Amino acid sequence: MPRIRPVARSMAAGRSKALLETAQATLGNTPNMVRTLARSQAALDSFLAMSAALSRGVLLAKARGQIALAVANENGCDYSASAYAALGRKSGLSETEIDESLEGRARNPRMQGLLDFSRAVVAKRGKVSDSDIAAARAAGVSDAELIETVAHVALNLFANYVNHVAATEIDFPLVETPKRGRN
């Protein structure tokens with residue numbers, strides 16, 4: 001049972017209602033996490049704005065999804081793992097790539113560099129080492145990708161933490177994180 005209830009689209013008011021309608025039009029549904037964020041217009045607005053801005057960055061949708069899955073596992077967030085597995089399938093991730101991403105693995109060396117760096121940012125709370133950056137660069141990751149990866153990690157940490165705090169009810173096919181976290 002959620003600790004913070006999602007806002008019903010029909011009950012939303014003002015800017016939150018417009019943002020929920022935008023999410024509905026964009027995603028084809030309005031996920032519980034988005035409706036939970038609607039409890040704070042500022043929180044919902046910032047999440048959607050950052051998501052939109054990063055979607056125009058140098059990282060492709062598949063890479064963004066793989067980073068989100070790795071971060072979800074690092075934080076034991078089953079909601080985000082479930083959501084990003086579903087969204088990842090739509091962006092072309094295979095079931096194998098979804099499973100590997102959750103475990104922080106990729107067959108492509110550049111993607112492995114991005115996942116390793118993402119996991120280091122989470123584990124070290126941003127205080128990555130020179131060798132973490134050197135390893136990512138050796139895998140072919142650019143400085144722009146490093147910075148965007150930090151932004152994606154931050155966005156996903158926000159989502160993971162909201163889900164943990166709110167105990168958001170999972171409204172996607174369940175994907176449990178290998179670390180067996182809840183929400």
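Note that the coordinates shown come from a computational prediction; the quantities given were computed from them, not determined experimentally.
Residues Leu37 and Ile170 are members of one and the same hydrophobic cluster, defined by side-chain heavy-atom contacts under 4.5 angstrom among Ile, Leu, Val, Met, Phe, Trp and Tyr. Both Phe172 and Leu20 belong to a common hydrophobic cluster when Ile, Leu, Val, Met, Phe, Trp and Tyr are linked at side-chain heavy-atom distances under 4.5 angstrom. Cluster membership check: Met111 does not share its hydrophobic cluster with Leu87, using side-chain heavy-atom separations under 4.5 Å among Ile, Leu, Val, Met, Phe, Trp and Tyr. Linking ILVMFWY residues whenever their side-chain heavy atoms come closer than 4.5 Å, directly or via other members, places Val34 and Met50 in the same cluster. Note on Val121: it clusters hydrophobically with Val71, by side-chain heavy-atom contacts below 4.5 Å among ILVMFWY residues.
Side-chain atoms of His152 and Thr149, non-hydrogen and from C-beta on, never get closer than 4.5 Å to each other. No side-chain heavy atom of Thr168 sits under 4.5 Å from any side-chain heavy atom of Pro2. Contact annotation: the side chain of Leu69 never approaches that of Glu97 to less than 4.5 Å [non-hydrogen atoms, C-beta and beyond].
Checked by atom type and distance alone, the side chain of Tyr79 pairs as donor or acceptor with a backbone atom of Met33 at under 3.5 Å. Side chain of Gln66 to main chain of Gly104: no donor-acceptor pair is present (N/O by atom type, distance under 3.5 Å, no hydrogens or angles). Remark: the backbone N or O of Gly57 is not paired with any side-chain donor or acceptor of Glu148 at under 3.5 angstrom. Looking only at distances, no side-chain donor or acceptor of Glu100 sits under 3.5 Å from a matching main-chain atom of Ala106. No donor-acceptor distance shorter than 3.5 angstrom exists from the side chain of Arg35 to the backbone of Arg9, with no hydrogens or angles considered. Remark: the backbone N or O of Glu169 is paired with a side-chain donor or acceptor of Asn32 at under 3.5 angstrom. Checking side-chain atoms of Ser101 against main-chain N and O of Ala70 turns up no donor-acceptor pair under 3.5 Å. Remark: the backbone N or O of Thr177 is paired with a side-chain donor or acceptor of Asp78 at under 3.5 angstrom. The backbone N or O of His164 lies less than 3.5 Å from a partner atom in the side chain of Arg3, making a donor-acceptor pair.
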- List the steps and the verdict of side-chain contact (heavy atoms from CB on, under 4.5 Å) for Leu59 and Leu114. CA-CA 10 Å; Leu59 294 174; Leu114 287 167; 4.0 Å; yes

- Please assess Ser129 against Asp132 for the test side chain to side chain donor-acceptor pair (under 3.5 Å), listing each intermediate value before the final yes or no. CA-CA 5 Å; Ser129 66; Asp132 292 321; 3.0 Å; yes

- Go through Asn73 and Glu103 one step at a time and tell me if the side-chain contact (heavy atoms from CB on, under 4.5 Å) criterion holds. CA-CA 7 Å; Asn73 183 52; Glu103 295 171 0; 5.7 Å; no

- Item | side-chain contact (heavy atoms from CB on, under 4.5 Å) between Phe117 and Val150, worked out | CA-CA 9 Å; Phe117 184 71; Val150 174; 4.0 Å; yes

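With rounding to the nearest 0.5 Å, the separation of CG in Asn75 from CG in Asn163 is 10.5 Å. From Leu44, atom CG reaches atom CG of Leu19 across 4.5 Å, with rounding to the nearest 0.5 Å.
Annotation: Lys90, atom NZ; neighbour count of heavy atoms from other residues, nucleotides and ligands within 6.0 Å does not exceed 12.
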